[in-house]
J.: 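Please see the structure below; I have some questions.
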There are 2 protein chains.
Amino acid sequence: MLEVLRAADDHPTAAEVYERVRRSSPRIGSATVYRTLALLVSTGRALELNLGDGAAARYDANTRRHDHAVCDGCGRAVDIDHPVPDGMMAEIARRSGFAITGYDLQFRGLCPDCQANGSDPARAAGGTGPTVNTHAKGALHAEA
Amino acid sequence: MLEVLRAADDHPTAAEVYERVRRSSPRIGSATVYRTLALLVSTGRALELNLGDGAAARYDANTRRHDHAVCDGCGRAVDIDHPVPDGMMAEIARRSGFAITGYDLQFRGLCPDCQANGSDPARAAGGTGPTVNTHAKGALHAEA
DNA sequence: CCACTGGTTGAGAACGACTCTCAGTATCAC
DNA sequence: GTGATACTGAGAGTCGTTCTCAACCAGTGG
Ligand SMILES: [Mn+2]
Ligand SMILES: [Mn+2]
Ligand SMILES: [Zn+2]
Ligand SMILES: [Zn+2]
């Protein structure tokens, strides 16, 4: 299970992990996949990502603190490694009165593939082929 | 409906909006609330927020670009107005190849109330009383 | 007035992503 | 082997949201 995650370069949803694990263990049930993912997350061996588009959670074996850029066309998420300045966190904490423990940041836009296939973006991104989320669910990226 | 949103200083979920609208229009159905919220969002008169905790979407009549600090204890979300430097966006775009159109940023931590009532945080935040999300759903704020 | 027409509405069914329950099974300790 | 214990998968349940569809409400023309 962790192997599957480590081997994944995309950021698979639980359903995608299930599908992949099933190839080597066809008798596994989805409950076990959810249980195991939760365990990996709670023991710090994986990250659960909520990319702010209201879609299913994604899982990431890369536990270093990092952010993502999410493609509005095909849903692909790529790693972004560019920490927010510390001073900013302190400033936010001071102004809000919150005890800030962390932050989630994601950029939205179009990936190179979807920029190319300008029209009907939600179909590009073929490549090695992670499932594409067709149903875009309304005006996204308005968030936060 | 927009009035209800404008009058709200918290960031109500669709269910909370429904509940409040119902006070003046008791015959309204939830389908209409969802439909209307979607319309407000798609016409730019409200924002749909996905605060990255996998919880229900929240709605915000404040359409200025702004971010939020979310309390891990009681779920409260307060506005943060502290734009990320432009240079950073450009840098991200350059390094990722994405055409970046925006970003979503949320800070996590404990609100002043929940800092006070240290133990059992998920019960504080009384105040004017938006519903509190008890079931915390596992290790949050690991995200992104 | 009143029959048509098209846009809204609300009730309830359907849906997707999860989470729970529970009986069956594998594991280990004796 | 026998029993205690943990783990598993099937399926039911939950929650937030969207869909479907019949009833309803404008208007419009007559
Ligand atoms: Mn990542
Ligand atoms: Mn706000
Ligand atoms: Zn794309
Ligand atoms: Zn709080």
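Just so it is clear: chains get the letters A, B, ... in the order the sequence lines come, proteins before strands, and each one is counted from 1. When reading the values below, keep in mind they use all heavy atoms of this one structure, side chains included, and skip hydrogens, waters and symmetry mates.
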J.: Under 3.5 Å, side chain of A:Asp53 to main-chain N/O of A:Ala55, donor-acceptor pair present?
T.: yes
J.: Measuring to OP1 and OP2 of D:dT8, would you say a side-chain N or O of A:Thr32 lies under 4.0 angstrom away?
T.: no
J.: The side chain of A:Ala31 is closest to which nucleotide in this list: D:dT17, D:dG11, C:dA17?
T.: D:dG11
J.: Output the single nucleotide from C:dG10, C:dC18, D:dT17 whose closest atom is nearest the side chain of A:Ala56.
T.: C:dC18
J.: Give the intermediate values and the outcome of side-chain contact (heavy atoms from CB on, under 4.5 Å) for residues B:Ile100 and B:Ile92.
T.: CA-CA 8 Å; B:Ile100 306 268; B:Ile92 302 286; 4.0 Å; yes
J.: Dot-bracket, 5' to 3', for DNA chain C please: Watson-Crick or G-U pairs under 3.5 Å, [ ] where pairs cross earlier ones, | where the partner sits on another strand, dots elsewhere.
T.: ||||||||||||||||||||||||||||||
J.: Nearest to the side chain of B:Tyr34 - C:dA17, D:dT18, C:dG10?
T.: D:dT18
J.: Just jot down the side chain to side chain contact (heavy atoms under 4.5 Å, CB included) partners of A:Asn62, sequence neighbours excluded, or say none.
T.: A:Asp60, A:Arg64, A:His66, A:Asp79
J.: Hey, what's the ring geometry for A:His11 with A:His68, parallel, tilted or perpendicular (30° and 60° as the breaks)?
T.: perpendicular
J.: Does B:Arg65 make a cation-pi contact with B:Tyr103, if we ask for NZ or CZ under 6.0 Å from the ring centre and within 45° of the axis?
T.: yes
J.: Within the structure shown, what part of the strands sits under 4.0 Å from B:Arg35 by heavy-atom distance: base, sugar-phosphate, or nothing?
T.: base
J.: Please work out if B:Ala15 contacts a base, only the sugar-phosphate, or nothing of the nucleic acid, heavy-atom cut-off 4.0 Å.
T.: nothing
J.: Test your reading of the model: is there a side-chain donor-acceptor pair from A:Arg20 to the backbone of A:Met1, 3.5 Å cut-off?
T.: no
